[in-house]
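Down below is the structure, laid out as structure tokens.
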Amino acid sequence: MSRELEAGGPVRAGEELDVAAVDAWLRARLPDLTGTPAVTQFKGGASNWTYRLTYENHDLILRRPPAGTKAKSAHDMTREYTVQKALHPFYPYVPAMIALCQDPSVIGADFYVMERIEGIILRSRLPPGVELDAKTTRALCLAVVDKLIELHRIDHRAAGLEPLGKGPGYPRRQIEGWSERYERARTWNVPSYQYVRDWLRANTPDDVGTSVVHNDFRFDNVVLSPGDITTVVGVLDWEMATLGDPLMDLGNTLAYWVEADDDFVRRATRRQPTHLPGMLKRREVVEYYLDRTKLVAANWAFYEVYGLFRLAVIIQQIYYRFHHGQTKNPAFRRFWILVNYLHWRCRRTIAMSVG
């Protein structure tokens, strides 16, 4: 069966890379580089910009922050690089790091370069040649959830990642932090989320544990083996990784989990194939995760609403940049509608939990 590997596409207008500057900087760190790199850019671009540099003898990925105003704690290339370098020996699905650049004279921003993991990334539509029956889809789904569980079981102290944590109180810090970010990014055409935020504050649980959390763990950040699509060979995009409550991480993951019988708006926003026959439902993912980890979620609705609210804030931060002309990507033009929709979804989830 032929399978289309994740390769990247043309560089978007306004997001061009100074290839000559990057090439000169790289050759000082990888003296064996040969040829002139072919440069492509990966889909998305809502957060950090990601490029592929294909040399004759090296296949590399470069990550840099986007142009425009950045959230205070976001787009930190040094942190992202350092976390991945520390995690790689304990979680081999993290790409191998090559080098970090903190010299703004090279391209005007920090960036880092890592090895490319060859494989398949599933997005809203399956790549040409990829066909999944229900049995294979279920095996794939469980393999991906198992990788999240495996991440949460890592000994963060042995990995030297203890400085990432701030101790107990992670759930409350997250609610306060995302609330503040929303206030800073709010525009006239989105709701206040005051009721949702008040409910989250009133229902915030204690930490169930402390784990390495990815904070953006979903199918389009997972690389699958070209030879066996049920085998995970890579996990990407560690921008928001930290130490925290693992159930909060699961709530974040399920905020993106769209099912076949969800409402029209949610189905229209689907970015991964979680609607396919054989995929676990959100409820089943929670049950499977809790059974494997032996953790207890006294009020799962909290984690679900938190995941949806956090997603709304992320989308609003992106829309804020578009609204104020800091990015011209037309894909962001109607993101304010999604923020309104997620507000409705949060309130509906709260109502169902107390009804």
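Judged by distance alone, with hydrogens and angles left aside, the side-chain atoms of N57 form a donor-acceptor pair with the main-chain N or O of D32 at under 3.5 Å. In terms of modelled atom types and a separation under 3.5 Å, the side chain of Y81 and the main chain of C101 share no donor-acceptor contact. Looking at N203, its side chain does come within 3.5 Å of a backbone N or O of W199 through a donor-acceptor pair.
Side-chain polar atoms of N329 and T327 form no donor-acceptor pair below 3.5 angstrom. Looking only at atom types and distance, the side chain of Q84 has a donor-acceptor partner in the side chain of Y112 under 3.5 Å away. Under the 3.5 Å distance criterion, with hydrogens and angles disregarded, a donor-acceptor pair is assigned to the side chains of D249 and H152. Judged purely by distance below 3.5 Å, without hydrogens or angles, the side chains of T187 and Q316 pair a donor atom with an acceptor atom. Side chains of Y256 and Q272: a donor-acceptor N/O pair is absent below 3.5 angstrom, by distance only. A side-chain donor from one of T78 and Q102 sits under 3.5 Å from a side-chain acceptor of the other. Under 3.5 Å, the side chains of T54 and R52 contain a donor-acceptor pair of N or O atoms.
Less than 6.0 angstrom separates the ring centroid of W25 from the ring centroid of F111. Ring to ring, W257 and F219 are close: their centroids are under 6.0 angstrom apart. Residues Y182 and Y193 bring their aromatic ring centres within 6.0 Å. Centroid-to-centroid, the aromatic rings of Y55 and H58 stay 6.0 Å apart or farther. No close placement of the F335 and F322 rings is indicated, their centers lying 6.0 Å or farther apart.
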Original post:
Step by step, would you call L17 with V11 a side chain to side chain contact (heavy atoms under 4.5 Å, CB included)?
Top reply: CA-CA 8 Å; L17 191 66; V11 175; 5.9 Å; no
**OP:** Could you go through the salt bridge (charged side-chain N to carboxylate O under 4.0 Å, His left out) check for K135 and D133 one step at a time?
**Re:** CA-CA 6 Å; K135 182 179 179 181; D133 57 29; over 6 Å; no
**OP:** For salt bridge (charged side-chain N to carboxylate O under 4.0 Å, His left out), just list the numbers for E287 and R292, CA-CA rounded to whole Å, side-chain angles, deciding distance to a tenth of an Å, and then say yes or no.
**Re:** CA-CA 9 Å; E287 292 172 353; R292 293 293 299 273; over 6 Å; no
**OP:** Please lay out, stage by stage, how D237 and R63 fare under the test salt bridge (charged side-chain N to carboxylate O under 4.0 Å, His left out).
**Re:** CA-CA 9 Å; D237 202 352; R63 293 261 291 172; 2.9 Å; yes
Original post:
After noting the C-alpha distance and the side-chain angles of Y289 and D146, does the key distance pass the side chain to side chain donor-acceptor pair (under 3.5 Å) rule?
Top reply: CA-CA 8 Å; Y289 179 95; D146 282 341; over 6 Å; no
**OP:** Decide salt bridge (charged side-chain N to carboxylate O under 4.0 Å, His left out) for R79 and E239; before the verdict, give the C-alpha distance in whole Å, the side-chain angles of both, and the deciding distance to 0.1 Å.
**Re:** CA-CA 8 Å; R79 184 181 185 278; E239 175 186 355; over 6 Å; no
**OP:** Could you walk me through whether K147 and Y91 pass side chain to side chain contact (heavy atoms under 4.5 Å, CB included), step by step?
**Re:** CA-CA 9 Å; K147 288 297 172 287; Y91 194 69; 3.6 Å; yes
Original post:
Run the side chain to side chain contact (heavy atoms under 4.5 Å, CB included) check on V213 and D245 step by step: do they pass?
Top reply: CA-CA 7 Å; V213 293; D245 188 316; over 6 Å; no
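The structure places CG of L236 at 6.0 Å from CD1 of I117, a figure rounded to the nearest 0.5 Å. Atom CZ of residue R125 and atom CG of residue L122 lie 14.5 Å apart, to the nearest 0.5 angstrom. A distance of 10.5 Å separates CD in Q174 from OG in S179, rounded to the nearest 0.5 Å. Taken from CZ in R27 to CG in L33, the straight-line distance is 5.5 Å, to the nearest 0.5 Å. A distance of 15.0 Å separates CG in N48 from CH2 in W238, rounded to the nearest 0.5 Å. Atom CD of E259 and atom CE of M279 lie 11.5 Å apart (nearest 0.5 Å).
Follow the hydrophobic side-chain contacts under 4.5 Å out from L276 and you never reach V258; the two are in separate clusters.
Ring planes of Y51 and W49: perpendicular class, angle over 60° (limits at 30 and 60°).
Heavy-atom neighbours of N189 CG from other residues, nucleotides or ligands within 6.0 Å: above the threshold of 12. With a 6.0 Å radius and a threshold of 12 heavy atoms from other residues, nucleotides or ligands, K281 has its NZ atom above the threshold. Enclosure of atom CZ in R173 by more than 12 non-hydrogen atoms of other residues, nucleotides or ligands within 6.0 angstrom is indicated. The environment of NZ in K85 is sparse: at most 12 heavy-atom neighbours from other residues, nucleotides or ligands sit within 6.0 Å.
Pairs passing the salt bridge (charged side-chain N to carboxylate O under 4.0 Å, His left out) check and including a residue from residues 333-345, sequence neighbours excluded, read D262-R345, D263-R345.
I61 is not listed as a side-chain neighbour of L53, based on a closest heavy-atom distance of 4.5 Å or more. Y319 places none of its side-chain heavy atoms less than 4.5 Å from the side chain of V339. A 4.5 Å side-chain heavy-atom check between E115 and P95 finds every atom pair outside the cut-off. Contact of the T253 side chain with the L148 side chain is registered, since non-hydrogen atoms from C-beta on lie closer than 4.5 Å. The side-chain heavy atoms of R64 and I107, taken from C-beta on, include a pair separated by under 4.5 Å. Annotation: side chain of D23 is not in contact with side chain of T36 (no heavy-atom distance under 4.5 Å). Annotation: side chain of T136 is in contact with side chain of I229 (closest heavy-atom distance under 4.5 Å).
For the pair R181 and W178, the cation sits on the ring face: its NZ or CZ lies under 6.0 Å from the ring centre, inside 45° of the axis.
Pairing each heavy atom of P10 with each of Q41, the nearest pair is O-CB, 4.0 Å.
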